[in-house]
Every structure is written in C-alpha cells, then in structure tokens.
Amino acid sequence: MKLLITGFEPFDKELINPSWEAVNSLNDNIDNIIINKLQLPTVFKKSYIKLFEHIEKIKPDIVICVGQAGGRYDISIERVAINIDDARIEDNEGYKPIDEKIFEDGENAYFSTLPIKAIVQELKKFNIPASVSNTAGTYVCNHIMYALLYYINKNKLNIKGGFIHVPYTTEQIINKPNTPYMDKNTIIKALEICIKTSFSFDNDIKISAGKEF
C-alpha cells in the first residue's frame, strides 16, 4: 500500500509551514503503508502540476494533501473543494487570482473521498481536537484539493483523495496573542491517525457532522 502525502512551503511571511513540518517528520512506513512525502510550492497551478507528476510517478492508493489554517484550533478534515480561485493575498510568485475557475471543464465542486467522519471520530479517541470542515477556503489549499479530485475524476483513477488543514504550531504564535495553535508532535500523531484510518475504512461512517453556519 502506498500513500502520497503533501505539505506546503511557508507563505504570507511565515518562516515555516506546519503542514510540511509535520508531513516531513512522518515515518517512511506506517503499518506497512509506504509513505511518500512531497513539498508543494504555495503557488497556483505550479502546485498541482507537481502533484500530478508525482501521482503519475508513484501511483499511490491514497493521496492526502495537508495545509496550514492559521486561526483554526483543530485538525480540520475538509469535505469539499470548489472550482474557484479568489486569493486574499498573492501566492509565493506574486499571483493573485480573483474569481477565476481552476479548471474550465471541471465540476462546480468535488467532495473528498477520504472517510472524513471516521477520521474525526478516531482523532477524538486520542483527545485530539478535530472536525469536519465545509470550506477549504479559496486560496492555494482549496486549489490543490480541487485539482487533486478533478485529476482523479477525469482520469477515472482508483485513488482516494482529500485535504486536511492543521493549525499554527507553537513557534508561529509567539507574536500572535490569543491565536489558536497545536503542538507539532500532536499534529504528527494526528496525521498518522488520519493515514491509518484512511486505509482502514473503505466507506465512511454515518454520524452527524452537520453545522448551522
């Protein structure tokens, strides 16, 4: 069994990106799952070109993309990606798309094929804050999640795919009073659980993760 898991390079003046710091710290083999790690540029289009190249090369069973969500306090398992780029800030190459489709021939949205509710339930068993999120934003995180699911759908690949957001880590919030964060080792443990659960469940579980807003 093979996993491709990605994290992003730092962006928006941050010195690190917890997604890559955690991904890069994972063991190379977890429960006989071969872990292939990939750092993606925080750049529109270039990020998914690199991702597609590695999917073709590695031919993984599951792809999990991970990104930073500064301001969130928990591990956010994303439910859906939408076909829009609407950047609040420039990417790392100075590009700032506004209301642009990611792929003209893509669906309006694609849903994660990871067992998102099972993952949340398993994380909570280990007292790790987690929830199903219904928005991956409209920046490069949503961009790569949408591109991944588009690629799987268009090529009719037998691959599960999805996206996970992680909070800031301790060193990032020193000058950000009252900002949520999570210890790096907890994020690493959370990703290990996400990986094991993704391979253990062929179908998601039926429990409520609904929200009013």
Side-chain angles (χ1 to χ4, degrees), residues 1-8 19 22-23 26 30-38 40 47-67 69 72 74-85 101-103 105-124 128 130-166 190-211:
M1 298 182 292
K2 290 186 289 186
L3 171 79
L4 174 59
I5 185 165
T6 72
F8 282 108
S19 66
V23 165
L26 290 168
I30 298 172
D31 283 4
N32 294 318
I33 302 162
I34 298 170
I35 309 299
N36 297 276
K37 309 163 194 175
L38 174 65
L40 296 176
S47 55
Y48 72 63
I49 290 173
K50 188 172 183 179
L51 176 65
F52 295 171
E53 288 173 350
H54 281 74
I55 292 174
E56 184 63 30
K57 176 182 176 182
I58 295 166
K59 295 181 168 46
D61 300 290
I62 295 178
V63 180
I64 298 175
C65 297
V66 186
R72 296 191 191 183
D74 64 359
I75 303 295
S76 301
I77 315 302
E78 298 298 342
R79 190 196 299 257
V80 62
I82 58 175
N83 192 9
I84 198 77
D85 288 333
K101 282 191 173 184
I102 301 168
F103 288 101
D105 63 340
E107 300 292 337
N108 288 334
Y110 291 107
F111 287 86
S112 173
T113 51
L114 300 178
I116 60 174
K117 293 182 177 181
I119 290 171
V120 169
Q121 185 178 68
E122 290 300 309
L123 288 168
K124 288 182 176 180
I128 298 175
S131 64
V132 171
S133 167
N134 296 309
T135 176
T138 54
Y139 192 54
V140 185
C141 288
N142 175 78
H143 182 85
I144 201 68
M145 180 182 178
Y146 183 91
L148 167 63
L149 297 171
Y150 166 92
Y151 185 82
I152 291 171
N153 182 272
K154 287 293 182 181
N155 292 286
K156 298 179 171 57
L157 301 177
N158 185 27
I159 296 174
K160 289 183 192 175
F163 193 96
I164 296 169
H165 266 122
V166 301
L191 292 182
E192 290 175 351
I193 294 166
C194 292
I195 291 165
K196 293 175 184 178
T197 307
S198 295
F199 278 90
S200 298
F201 285 78
D202 290 328
N203 299 296
D204 205 359
I205 58 176
K206 278 281 187 180
I207 60 172
S208 176
K211 297 178 181 178

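For K59, the salt bridge (charged side-chain N to carboxylate O under 4.0 Å, His left out) partners are E56, not counting sequence neighbours. Residues satisfying the ring-ring contact (aromatic ring centres under 6.0 Å, His included) criterion with Y146, sequence neighbours excluded, are Y110. Annotation: side-chain contact (heavy atoms from CB on, under 4.5 Å) contacts of D31 (sequence neighbours excluded): K196. With sequence neighbours left out, N36 forms a side chain to side chain donor-acceptor pair (under 3.5 Å) with no residue at all. Residues passing the side chain to side chain donor-acceptor pair (under 3.5 Å) test with S133 are R72, E78, sequence neighbours excluded. By the side-chain contact (heavy atoms from CB on, under 4.5 Å) test, F111 is found to be paired with R79, V80, residues two or more places apart in sequence or in another chain being considered. Residues that satisfy the side-chain contact (heavy atoms from CB on, under 4.5 Å) test with I207, not counting sequence neighbours, are K117, Q121, I205. When the side chain to side chain donor-acceptor pair (under 3.5 Å) test is applied to N158, no partner is found at least two apart in sequence or on another chain. A search for side chain to side chain donor-acceptor pair (under 3.5 Å) contacts involving K37 returns D28, not counting sequence neighbours. Not a single salt bridge (charged side-chain N to carboxylate O under 4.0 Å, His left out) links E192 to another residue, sequence neighbours left out. Residues passing the ring-ring contact (aromatic ring centres under 6.0 Å, His included) test with Y151, sequence neighbours excluded: F52. Every residue two or more places apart in sequence or in another chain that forms a side-chain contact (heavy atoms from CB on, under 4.5 Å) with S112 is listed here: L114, I116, M145.
Atoms NZ and CG, from K2 and D61 in turn, are 7.0 Å apart once rounded to the nearest 0.5 Å. Atom CD1 of residue I58 and atom CG of residue L4 lie 4.5 Å apart, to the nearest 0.5 angstrom. Here L149 contributes atom CG and C65 contributes atom SG; the two are 8.5 Å apart, rounded to the nearest 0.5 Å.
Counting heavy atoms from C-beta on, the side chains of C194 and L123 come closer than 4.5 Å. Residues P60 and H54 have side chains not in contact (no heavy-atom distance under 4.5 Å, counting atoms from C-beta outward). At a threshold of 4.5 Å between non-hydrogen side-chain atoms, the residues T6 and L51 count as touching. Two residues are said to be in side-chain contact when any heavy atoms from C-beta on lie closer than 4.5 Å; I102 and I84 fail this criterion. Between I119 and I193 there is no side-chain heavy-atom pair separated by less than 4.5 Å. I55 places a side-chain heavy atom less than 4.5 Å from the side chain of L148. Side-chain contact between K160 and V63: absent, with no pair of heavy atoms (C-beta onward) separated by less than 4.5 Å.
A donor-acceptor distance shorter than 3.5 angstrom exists from the side chain of D204 to the backbone of A118, with no hydrogens or angles considered. A donor-acceptor pair under 3.5 Å links the side-chain atoms of K211 to the main chain of V132, judged by distance alone. Without hydrogens or angle criteria, T113 side chain to G161 main chain gives a donor-acceptor distance under 3.5 Å.
When the shell of 6.0 Å around CG of D105 is examined, it contains more than 12 heavy atoms from other residues, nucleotides or ligands.
Using a 3.5 Å distance cut-off with no hydrogens or angles, the side chains of Y150 and N83 do not pair a donor with an acceptor.
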Exercise. Given the rule in the side-chain contact (heavy atoms from CB on, under 4.5 Å) test, do T138 and D85 qualify, once you have shown the distances and angles that lead to the verdict?
Worked result: CA-CA 5 Å; T138 54; D85 288 333; over 6 Å; no
Problem set entry | Derivation of the side-chain contact (heavy atoms from CB on, under 4.5 Å) call for N108 and I82 | CA-CA 6 Å; N108 288 334; I82 58 175; over 6 Å; no
Exercise. Are S198 and I64 close enough, and set up right, to give a side-chain contact (heavy atoms from CB on, under 4.5 Å), and what steps lead you there?
Worked result: CA-CA 9 Å; S198 295; I64 298 175; 3.9 Å; yes
For this session: Could you check L191 against V23 for side-chain contact (heavy atoms from CB on, under 4.5 Å), going step by step and ending with a plain yes or no?
Result: CA-CA 8 Å; L191 292 182; V23 165; 4.0 Å; yes
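Across all non-hydrogen atoms, the minimal contact from A136 to H165 is O-CE1, 3.7 Å. The nearest pair of heavy atoms linking V140 to S47 is CG1-OG, 4.0 Å. Closest heavy-atom contact between I62 and I159: CA-CG2, 4.1 Å. For the pair A130 and V120, the tightest heavy-atom approach, listed with the atom from each and the gap, is O-CG1, 3.8 Å.
Screening F103, Y48, F163, F8 against H143 for a ring pair (Phe, Tyr, Trp, His ring centres under 6.0 Å) leaves a single residue, Y48.
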